[in-house]
J.: 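So that we are looking at the same thing, I have put the structure below in structure tokens.
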Amino acid sequence: KKISEIWTDFDESQRPEGENKEVKFGASYSEIENYLRIQKPNIVGITNSFRENEQETIRSIEIIRRVLPDAVIVVGGANANADPDKFLMDSNSPDYVALGDGEKPLLGIINIFLGNTDRNDVPGLVFLENGKVSRSAQQEMVGDLDEYGKHDYNLLKMERYFRYEKNGIMARSKFQYDGSDRVVSLVTTRGCPYKCTFCSIHIHAGRKLRRYSEKHIIDEIEDLVNNYNVKHIHFEDDNLTLDKKRFITVFNSIRDKGLRFTWDTPNGIFANTLDDQMAETMLSSGVTYLIFGVESGDQRVLDEVVKKQPLTLEKVENAFKIAKKHKIDSHAFYIMGFPEEKLYEIRRTLYFALKHLLIHGVVPHLAIARADPGTELYSEAIAKGVLVSDHVNSDKMGVHEDMFPRHRIKTVEFSPEKLENYHMLFHRVMIVIMMLRVILRMIWSPIIYARAIKAHLSKNPELKISNLKVWVISLFFAKLF
């Protein structure tokens, strides 16, 4: 009811019956169907980036097939790239799965539709031919991403996205202030040269770092800030800081041009890359927080299990120190539960994460390893017989867990259930430490925290004893945390 009051696009009919109720965010299936009937597109593209959205993708294909049986359907994205045969062999299959960057394959599909070329002559396509899966030539990765041209944001319903953010339906967590709901995500590079076993980005983006030019990025940010009043940007690159010279040039230009917005790095940055010069540039251009991709607090696990060379824990600790020195709020990603990982190594990771929360204020984000199709971790888990398919977390005490089915790992050292217990206990300790830090800071800077509480009260005026617990929790996580 509360969602329907603030979000006009909420469709109550999309909520299933039963205890495990779900709400579908974004356009409802009926809205998608109505849109198709009105627009009658010749070609429909669907992005399927994650396994969690696979069923939504399949259901969308079924709707398109029923409403527009002659439409050409193309699916792209990391999950579709990981197992294109699976999509194509479904009875309501798409016409094509596009591999790699989507721009050129989609242009090729348009030319196929217009009769200008044959599908075997368009690189990067997978399709059915005489009931069997067929592939065209492999698409060559474009190194200079400027070749794809500029993004025309007039084609998007920008205010609708901003409205969702303002009403609390956020694409990403972020530092909040008045106007921060006017937020976009931006990618300035594609691909990653590193070989982390759990990562799936290479499946569709490749292992080579590919870039938009400095001018392209600055022009796009200038367009977003000046013409769409964007106040915050999530830089979604997997390696935003890998090319130091490029990073310094872009973000100094942002500062020099007087482009006023805040930004963060929700996908994480490589700790090896941070130095004092880079930190100063970040501060002067509006950074709100950094996330470091640490993954493990044990060097053997980093080197031999995760294969995150050339990252060292010494470099990680140095990056934490630099961030604290320059007063940049920092977070870190950690993962536990790899096939060759030992319990004592997992405990080292938990200790490392809590230690640096205490010492440097680096907020840890702990995840249980998920073996996604197409990753080295998935292949290793199958080969060693340790894969647990579609495991759903028990969510004891509701501590920082999602309820999507995941491919987990089970070894003689641990089970998914054991890791869940570790996960729960870790977050209990983490929250206690965070609460103590908040209390100490409130004592040290009472005026700042009084303003935060006042702002929270102004947005949540109906404070009652019955909802006091919820109000305090939301105050802690939304403002003070």
J.: I'd like to know if the side chain of D237 pairs up with that of T189 as donor and acceptor (distance under 3.5 Å, no hydrogens or angles considered).
T.: yes
J.: Are K195 and Q309 linked by a side-chain donor-acceptor pair shorter than 3.5 Å?
T.: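 No - no donor-acceptor pair under 3.5 Å links their side chains.
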J.: Take a 6.0 Å sphere around OH of Y148 and say whether it holds more than 12 heavy atoms from other residues, nucleotides or ligands.
T.: yes
J.: Answer yes if the side chains of H151 and E220 hold a donor-acceptor pair under 3.5 Å, and no otherwise.
T.: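 A donor-acceptor contact under 3.5 Å links the two side chains.
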J.: Testing the basics here: between G268 and F333, what is the closest heavy-atom pair and its distance to 0.1 Å?
T.: N-CE1, 4.0 Å
J.: Looking at K215, I'd like to know if its NZ atom is crowded, meaning that more than 12 non-hydrogen atoms belonging to other residues, nucleotides or ligands lie closer than 6.0 Å.
T.: no
J.: Hey, mind stepping through V126 and L99 against side chain to side chain contact (heavy atoms under 4.5 Å, CB included) and telling me if it holds?
T.: CA-CA 8 Å; V126 187; L99 304 180; 3.5 Å; yes
J.: Report yes if the side chains of V44 and V74 come closer than 4.5 Å at any heavy-atom pair, otherwise no.
T.: no
J.: Over all heavy atoms of both residues, which pair between P266 and I291 is shortest? Give the atoms and the distance, please.
T.: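 Of all heavy-atom pairs spanning P266 and I291, the closest is O-CD1, 3.7 Å.
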J.: Ignoring hydrogens and angles, tell me if any N or O in the side chain of D243 forms a donor-acceptor pair with the backbone of R246 under 3.5 Å.
T.: yes
J.: Under the 3.5 angstrom rule, does the side chain of D223 hit a backbone N or O of D219 as a donor-acceptor pair?
T.: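 Absent.
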J.: Are R135 and D85 ion-paired here, with the side-chain N under 4.0 Å from a carboxylate O?
T.: yes
J.: I'd like to know if the side chain of T375 pairs up with that of S200 as donor and acceptor (distance under 3.5 Å, no hydrogens or angles considered).
T.: no
J.: List the atom of I322, the atom of L274, and the distance in Å for their closest heavy-atom pair.
T.: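 Shortest heavy-atom separation between I322 and L274 comes out as CD1-O, 3.5 Å.
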J.: How about F338 and F414: are their ring centres within less than 6.0 Å of each other?
T.: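 Between F338 and F414, the centre distance exceeds or equals 6.0 Å.
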J.: Applying the side chain to side chain donor-acceptor pair (under 3.5 Å) criterion to D101, which one of Q139, R190, H204 satisfies it?
T.: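 It is R190; the other options fail the test.
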J.: Which heavy atom of I218 sits nearest to which heavy atom of S253, and what is that distance?
T.: CD1-CB, 3.4 Å
J.: Is the closest side-chain donor-acceptor distance between W263 and S285 under 3.5 Å?
T.: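 Yes, because at least one side-chain N or O of W263 sits under 3.5 Å from a partner of the opposite role on S285.
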J.: Just checking, is any N or O donor in the side chain of N318 or E314 under 3.5 Å from an acceptor N or O on the other one?
T.: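 No, E314 and N318 have no side-chain donor paired with an acceptor closer than 3.5 Å.
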J.: Let me see the working for I221 and I233 under side chain to side chain contact (heavy atoms under 4.5 Å, CB included), right down to the final yes or no.
T.: CA-CA 9 Å; I221 292 173; I233 295 176; 4.1 Å; yes
J.: I need the I382 CD1 to L387 CG distance, nearest 0.5 Å.
T.: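 Interatomic distance, I382 CD1 to L387 CG, rounded to 0.5 Å: 5.5 Å.
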J.: For atom CZ of F50, is the number of surrounding heavy atoms from other residues, nucleotides or ligands below 6.0 Å larger than 12?
T.: no
J.: Do T249 and E214 get their side chains close enough for a donor-acceptor pair, meaning under 3.5 Å?
T.: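 Distance-only check fails for T249 and E214.
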J.: Could you give the distance from CG (L68) to CG (L36), rounded to the nearest 0.5 Å?
T.: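 Output value for this atom pair is 5.5 Å.
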J.: Any chance the rings of F162 and Y228 have centres within less than 6.0 Å?
T.: no
J.: Regarding H407 and D372, do their side chains bring together a donor and an acceptor under 3.5 Å, going by distance alone?
T.: no
J.: Quick check, are the ring centers of Y194 and F270 under 6.0 angstrom apart?
T.: yes
J.: So do E295 and K307 actually touch side chain to side chain, heavy atoms under 4.5 Å?
T.: no
J.: Does any donor atom in the side chain of H232 or T262 lie under 3.5 Å from an acceptor atom in the other side chain?
T.: yes
J.: Counting distance only, does the side-chain N/O of D298 pair as donor-acceptor with the main-chain N or O of V301 below 3.5 Å?
T.: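 The answer is yes, because a donor-acceptor pair under 3.5 Å joins these two groups.
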J.: Given K104 and V142, is the side chain to side chain contact (heavy atoms under 4.5 Å, CB included) satisfied, shown in steps?
T.: CA-CA 10 Å; K104 287 191 173 182; V142 172; 3.9 Å; yes
J.: Can you tell me if N267 and H234 form a side-chain donor-acceptor pair at under 3.5 Å?
T.: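 No, H234 and N267 have no side-chain donor paired with an acceptor closer than 3.5 Å.
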J.: Please say whether more than 12 non-hydrogen atoms of neighbouring residues, nucleotides or ligands are located less than 6.0 Å from CD in Q138.
T.: no
J.: Quick check: do F87 and N48 have side-chain heavy atoms less than 4.5 Å from each other?
T.: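 Yes - at least one pair of side-chain heavy atoms lies under 4.5 Å apart.
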J.: Would you kindly say whether N120 and S136 are connected by a side-chain donor-acceptor distance under 3.5 Å?
T.: no
J.: Between atom CG of N79 and atom OG1 of T57, what is the distance when rounded to the nearest 0.5 Å?
T.: 7.5 Å
J.: So, S28 and S30: side-chain donor and acceptor under 3.5 Å apart, yes or no?
T.: yes
J.: Should H331 and L290 be marked as a side chain to side chain contact (heavy atoms under 4.5 Å, CB included) after you check the CA-CA gap, both sets of side-chain angles, and the distance that decides it?
T.: CA-CA 6 Å; H331 301 232; L290 297 175; over 6 Å; no
J.: Drop me the distance from E62's CD to E33's CD, to the nearest 0.5 angstrom.
T.: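 That separation rounds to 12.0 Å.
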J.: Does CZ belonging to R172 count more than 12 external heavy atoms closer than 6.0 Å?
T.: yes
J.: Return the minimal non-hydrogen interatomic distance between Q299 and L313, and the atom names on each side.
T.: OE1-N, 2.9 Å
J.: Would you kindly check if the NZ (Lys) or CZ (Arg) of R59 is within the cone defined by 45 degrees around the ring axis of Y29 and under 6.0 Å from the six-membered ring centre?
T.: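 Yes, cation above the ring, under 6.0 Å and within 45°.
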J.: Main chain of P310, side chain of N272: is a donor-acceptor contact present, judged purely on distance under 3.5 Å?
T.: yes
J.: Distance alone, cut at 3.5 Å: any donor-acceptor contact between the side chains of E31 and N34?
T.: no
J.: Check whether any side-chain heavy atom of T273 lies under 4.5 Å from a side-chain heavy atom of K244, and answer yes or no.
T.: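 No, side chains not in contact.
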J.: Does Y289, at its OH atom, have more than 12 non-hydrogen atoms belonging to other residues, nucleotides or ligands within less than 6.0 Å?
T.: yes
J.: Of all the heavy-atom pairs spanning H202 and C199, show the shortest one and how long it is.
T.: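 It is CD2-O, 3.4 Å.
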J.: How long is the span from the CE atom in M141 to the CZ atom in R210, to the nearest 0.5 Å?
T.: 5.0 Å
J.: Nearest 0.5 Å, what's the CG-CZ distance between L302 and R300?
T.: 10.5 Å
